[in-house]
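Order of the sequence lines sets the chain letters (A, B, ...), proteins ahead of strands, with each chain counted from 1.
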Amino acid sequence: MSELTQNEYREQRLTNMRALEDMGYKPFGHAFKRSGRLAEIRADFEEEKVVTAAGRLTTVRDMGKSIFADIRDGSDRFQIYVQKKSLDEEAFDAFKLLDVGDHIGVEGALFTTRTGESTIKISKWDLLSKSLLPLPEKWHGLKDVEARYRQRYLDLISNPDVRALFDKRIAAIRETRAFLEARGFSEVETPMLQGQAGGAAARPFVTHYTALDQEMYMRIAPELYLKRLLVGGFDKVFELNRSFRNEGLSRTHNPEFTMLEIYEAYTDLSGMKDIIEGLITHLATEVFGGLVVGEGDDAIDFNLPWREVTYRDLILERMGEDWYDLSFEDACARAEKEGLSLDPEWGMMMVTHEVYEKLIEKTLHQPTFVTRFPAELVPLAGACDDDASVVDVFELVIGGKEVAPAYKELNNPLVQRERLDNQAGEDTEKVDTDFLTALEHGMPPAGGMGIGIDRLIMTLAGVDAIRDVILFPQLRQK
RNA sequence: GGGCCGUUAGCUCAGUAGGUAGAGCAAUACACUUUUAAUGUAUGGGUCGACGGUUCGAUCCCGUCACGGCCUACCA
C-alpha cells in the first residue's frame with residue numbers, strides 16, 4: 001500500500017505538474033493568506049466582497065471558457081467560478097492543468113449564481129500543493145474496509161460521514177474534560193511505561209528499556225498510580241488517555257484504547273453514579289443530538305433514572321429463584337442446558353459468572369447499573385457494609401456492553417495485600433509493592449470509575465465497530 | 001489460535017459451468033461562458049492478491065501463503 005503506484009494517472013499528473021512549473025508555479029509551494037476558512041467565508045458572505053480562500057480542488061465542471069469547481073478545506077466546501085475573461089489568459093490556461101485533489105489558493109469576488117449558490121468568481125489563483133495520486137471516486141466514496149482503515153486520510157476525504165463521526169468523537173472528549181474540570185477534577189498524567197502492569201488482569205505488551213536494562217510494560221490501566229495520587233492528596237483526579245492490552249482484535253477490542261478513570265476521595269458509589277449519569281446525558285444531549293439514540297427496538301433511552309439491579313437478582317431472574325440453592329452439579333447441568341460450555345476447573349462462582357457474561361450482559365440494552373458483584377471477581381474494590389462476600393461496585397451496561405465499572409475503592413492495605421498476593425500466586429514479582437506501601441500511608445475512602453471512551457462513543461453514535469471510532473485502528477503490518 | 005467468507009482497472013462493482021475480461025465514475029482528446037454526479041463525441045487503461053499444482057490451455061479447479069471481513073477464543 002505504501003509503494004508509489006506507477007500508473008497512467010500519476011504520469012499524467014506529473015506531466016501537468018511540470019507544465020505548471022514551466023509557467024512559474026511552485027508545485028509544493030508556500031503559505032497562502034486566506035480571508036478565513038471556507039465556513040467563515042460562507043458565514044460572512046457579502047455580494048461583491050473580495051476574499052481569498054484556499055482548499056483542495058474536489059470537482060471541476062469545465063465548460064470551455066467557463067469553469068465551475070469546488071474547493072474544500074477542513075471546515076466546508078465552496079464553489080469557485082473561473083471565467084476566461086475575468087483573469088489573465090495564462091492563468092486561465094494554467095487552471096486547466098490542475099487535477100482534482102490539488103490544493104489551490106484563490107482570490108476573487110463573492111457572488112450568488114442564478115441557482116442561488118454562494119460562489120467566488122476568481123481573479124487570481126495559485127498552486128499551493130500538487131496531488132500526484134487520484135482520490136477515490138466522488139460518488140461512491142471509498143468502501144474497501146481495509147483501505148479505509150489503512151489509508152484513513154482517503155476515508156476522511158471521500159466519506160463525509162466518517163469525518164462527521166470523528167468530529168463528534170473530538171467534541172465528546174472535549175466536553176468530557178470540560179464536564180469534569182467544571183466539577184473540580186484535575187486531569188493528570190501517570191506512567192504508560194510501568195515496571196509492573198497493574199490495575200486490571202489483561203496480558204500486557206512487554207518492552208525493554210535499554211538504559212536501565214529492564215523489562216517494562218505498557219500499562220493496562222492507570223488505576224494504581226491514580227490511587228497513589230489519592231494518597232498524595234489529589235482528592236479529585238481523572239486521566240483520559242490510552243491503555244494497552246495484549247489481547248485479540250475484535251469488533252469491540254483494539255489493543256490500544258482510550259480509557260477515562262476518575263477518582264474522588266471521601267465519596268462512594270453514589271458520587272460516581274451522579275458523575276456518570278451527568279456525563280453521559282450531557283454528551284448525548286450536547287454532542288449526539290438527544291437522549292434517545294438509534295431507532296426502533298435498537299433505540300437506547302438515556303432519560304433518567306436508569307435501571308439498577310443486583311448481580312444476584314439478574315442471575316435469579318435468568319436461571320431460576322433456586323439457583324444459589326442448587327448443588328454444584330445441578331447448577332452446571334442447568335447452565336449447560338442453556339447452551340454454555342463450562343471449564344471443568346471452574347467452581348460455582350465462575351459458572352455463575354459465565355451465566356452473567358454469556359447469557360445476561362448482552363441482553364441489558366437500556367442503561368443498567370449492575371451492583372454487588374462477588375468479591376473474588378473484583379480485587380480492587382471494597383466490600384459492602386452489610387455483606388463481605390460482595391463488593392460495593394456497579395457496572396454500567398449499555399447496549400449489552402460494559403461501559404463503566406465503578407468501585408468503592410478498597411483502601412485497606414492489609415486486605416489489598418492479601419488479594420494481590422492471591423492473584424499473583426507464585427509470581428510474587430508481579431505485585432506492585434510500592435502501591436501497597438502507598439496504601440499503608442493511608443488512602444482516603446474513595447469512589448473510582450473507569451470508562452471505556454471508545455465504547456461509550458460507539459454506543460452514543462450507534463456504531464458497532466470500535467475501528468470506526470479510532471482514527472488509525474490496529475491492523476496487521478503488510 | 002480455530003472456523004467460514006472475500007481479494008477483478010485509480011475508485012465502485014459485474015463476469016467467465018477452464019479458451020487471458022466488462023460497466024459507471026475517474027483519466028486523455030475535441031466541443032461548449034451559470035454548472036452542481038455538468039453535457040456530448042472519441043480514445044487509452046488490467047500480473048483478475050502472490051506462489052505452486054492439475055490441464056493443450058487457469059482469473060475461474062486444487063494446494064500453500066499474504067492481507068481483510070464475520071463468527072469464535074483470550075481480555076476479573
Side-chain angles (χ1 to χ4, degrees), chain A residues 1 4-13 15-16 58-70 77-86 92 96 99-101 111-119 121 131-151 154-155 157-159 197-204 220-221 223 243-255 257 341 343 349-350 353-354 356-358 373-381 391 393 395 402 405 407 419-420 422-423 450 452 464-465 467 473 475-478:
Chain A
M1 207 52 82
L4 288 178
T5 319
Q6 297 290 338
N7 59 39
E8 58 169 322
Y9 297 93
R10 188 161 182 272
E11 289 306 318
Q12 181 57 46
R13 281 162 179 257
T15 302
N16 291 341
T58 53
T59 62
V60 179
R61 298 176 287 282
D62 182 350
M63 281 158 298
K65 296 187 177 64
S66 195
I67 305 168
F68 285 90
D70 293 338
R77 177 201 72 86
F78 214 96
Q79 179 165 268
I80 61 175
Y81 177 41
V82 190
Q83 190 184 34
K84 189 175 171 79
K85 70 175 190 200
S86 301
F92 183 81
K96 296 215 172 198
D99 292 300
V100 166
F111 77 106
T112 306
T113 64
R114 69 180 180 197
T115 52
E117 177 155 359
S118 302
T119 302
K121 183 176 188 176
S131 164
L132 294 179
L133 292 173
L135 294 171
E137 201 236 337
K138 63 186 172 189
W139 190 240
H140 296 93
L142 182 65
K143 292 234 171 76
D144 180 85
V145 184
E146 183 177 355
R148 285 188 46 226
Y149 296 146
R150 286 193 196 276
Q151 295 183 282
L154 295 179
D155 192 28
I157 293 167
S158 45
N159 298 320
R203 184 193 307 151
I220 55 178
E223 175 154 355
S243 287
F244 307 83
R245 295 187 182 177
N246 197 346
E247 311 285 357
L249 289 159
S250 81
R251 260 177 121 59
T252 51
H253 294 80
N254 196 64
F257 61 101
S341 51
D343 188 321
M349 189 196 68
M350 283 308 295
H353 197 56
E354 184 74 0
Y356 175 75
E357 292 209 314
K358 293 285 152 58
F373 278 66
E376 295 91 327
L377 292 174
V378 196
L380 295 167
V391 283
V393 303
E395 287 198 347
E402 183 191 324
Y407 306 166
R419 290 208 191 152
L420 291 183
N422 284 343
Q423 189 181 43
D464 52 20
R467 288 172 171 180
L475 297 178
R476 191 182 288 272
Q477 298 295 304
K478 274 201 162 173

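- Within the nucleic acid shown, A:Leu249 comes within 4.0 Å of at least one base atom, counting heavy atoms only.
- The side-chain contact (heavy atoms from CB on, under 4.5 Å) search around A:Leu154 returns A:Leu135, A:Pro136, A:Leu142, A:Gln151, not counting sequence neighbours.
- Residue A:Gly452 is out of contact with every strand shown, counting any heavy-atom pair closer than 4.0 Å.
- Using a 4.0 Å heavy-atom distance criterion, A:Glu395 is classed as making no nucleic acid contact.
- Under the salt bridge (Lys or Arg N to Asp or Glu O under 4.0 Å) criterion, A:Lys143 pairs with no residue at all, not counting sequence neighbours.
- Relative to the side chain of A:Glu247, the nucleotides B:rC75, B:rA76, B:rC11 differ in distance, and B:rC75 lies closest.
- By the salt bridge (Lys or Arg N to Asp or Glu O under 4.0 Å) test, A:Arg13 pairs with no residue at all, sequence neighbours left out.
- Look at A:Arg13 and you won't find any side-chain N or O under 4.0 angstrom from OP1 or OP2 of B:rG10.
- Annotation: B:rU41 and B:rU47 have their C1' atoms spaced 33 Å apart (nearest Å).
- Checked against side-chain contact (heavy atoms from CB on, under 4.5 Å), A:Thr119 has the following partners two or more places apart in sequence or in another chain: A:Gln79, A:Tyr81, A:Phe111, A:Thr113, A:Glu117.
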With pairs defined as Watson-Crick or G-U wobble and both distances under 3.5 angstrom, please note down RNA chain B as a dot-bracket string, | for pairing with another strand. (((((((..((((.....[..)))).(((((.......))))).....(((((..]....))))))))))))....
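- B:rC5 sits 15 Å from B:rG49 when the C1' atoms are compared, rounded to a whole Å.
- The NZ-C1' distance, from A:Lys143 to B:rC13, rounds to 9 Å in whole Å.
- Among B:rC74, B:rA76, B:rU12, the nucleotide with an atom closest to any side-chain atom of A:Arg203 is B:rC74.
- One can place CG of A:Leu132 at 14 Å from C1' of B:rG10, the figure rounded to the nearest angstrom.
- Listed candidates were B:rU12, B:rA27, B:rC75. Nearest to the side chain of A:Asp144 is B:rU12.
- Checked against side-chain contact (heavy atoms from CB on, under 4.5 Å), A:Ala200 has the following partners two or more places apart in sequence or in another chain: A:Ile220, A:Ala221, A:Arg245.
- Side-chain contact check for A:Phe257 versus A:Ser243: some heavy-atom pair is nearer than 4.5 Å.
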Contact pattern, 5' to 3', of nucleotides 31-41 of chain B - B, S or - by protein heavy atom under 4.0 Å: -BBBBBBB---
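- A gap of 28 Å separates the P atoms of B:rG68 and B:rG53, to the nearest Å.
- Distance CG (A:Asp155) to P (B:rU12): 11 Å, rounded to an integer number of Å.
- Judged as a side-chain contact (heavy atoms from CB on, under 4.5 Å), and not counting sequence neighbours, the contacts of A:Tyr9 are A:Asn7, A:Pro134.
- Of all heavy-atom pairs spanning A:Ser131 and A:Val100, the tightest one is OG-O, 4.3 Å.
- If you check B:rU28, B:rC74, B:rA76 against the side chain of A:Leu377, the one that comes closest is B:rA76.
- At whole-Å resolution of the value, CG in A:Asp343 and P in B:rA76 are 16 Å apart.
- When the C1' atom is used for both B:rC25 and B:rU59, the distance is 24 Å, rounded to whole Å.
- If you check every strand for non-hydrogen atoms under 4.0 Å, A:Leu475 touches sugar and phosphate atoms only.
- With RNA chain B read from its 5' end, the first of the two nearest nucleotides for A:Tyr407 and A:Arg476 is the one closest to A:Arg476.
- Across B:rU7 and B:rA50, the matching C1' atoms stand 11 Å from one another, rounded to whole Å.
- Rounding to whole angstrom units, CD of residue A:Gln151 and C1' of B:rG10 are separated by 11 Å.
- Considering only residues two or more places apart in sequence or on other chains, A:Glu395 meets the salt bridge (Lys or Arg N to Asp or Glu O under 4.0 Å) condition with none of them.
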Every protein N/O within reach of nucleotides 42-44 of chain B N/O, cut-off under 3.5 Å:
from: B:rG44; atom 1: N2; to: A:Glu8; atom 2: OE1; distance (Å): 3.0
from: B:rG44; atom 1: N2; to: A:Glu8; atom 2: OE2; distance (Å): 2.7

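- For A:Arg251, counting side-chain heavy atoms from C-beta on, the closest listed nucleotide (B:rU28, B:rU12, B:rC70) is B:rC70.
- Here the P atom of nucleotide B:rC11 and the CG atom of A:Leu154 are 9 Å apart, to the nearest Å.
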Run the numbers on A:Glu376 and A:Met349 for side-chain contact (heavy atoms from CB on, under 4.5 Å), then give the verdict. CA-CA 9 Å; A:Glu376 295 91 327; A:Met349 189 196 68; 3.5 Å; yes
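- Across all non-hydrogen atoms, the minimal contact from A:Phe68 to A:Met63 is CD1-CE, 3.5 Å.
- Listed by chain and residue number, A:Glu354 satisfy the salt bridge (Lys or Arg N to Asp or Glu O under 4.0 Å) test with A:Lys358 (two or more places apart in sequence, or in another chain).
- Regarding the sugar-base torsion, B:rU55 falls in the anti class, its angle being beyond 90° of 0.
- Of the C1' atoms belonging to B:rU33 and B:rA38, the separation is 13 Å, rounded to the nearest Å.
- In this structure, the CD atom of A:Glu354 is 13 Å from the P atom of B:rU72, given to the nearest Å.
- Rounded to an integer number of Å, the gap from A:Ile157 CD1 to B:rU12 C1' is 17 Å.
- Comparing A:Asn246 and A:Gln12 against RNA chain B, the residue whose closest nucleotide sits nearer the 5' end is A:Gln12.
- In terms of the side-chain hydrogen bond (donor to acceptor under 3.5 Å, both in side chains) criterion, residue partners of A:Ser86 (sequence neighbours excluded) are, by chain and number, A:Gln83.
- A:Lys96 is listed as a side-chain neighbour of A:Ile67, based on a closest heavy-atom distance under 4.5 Å.
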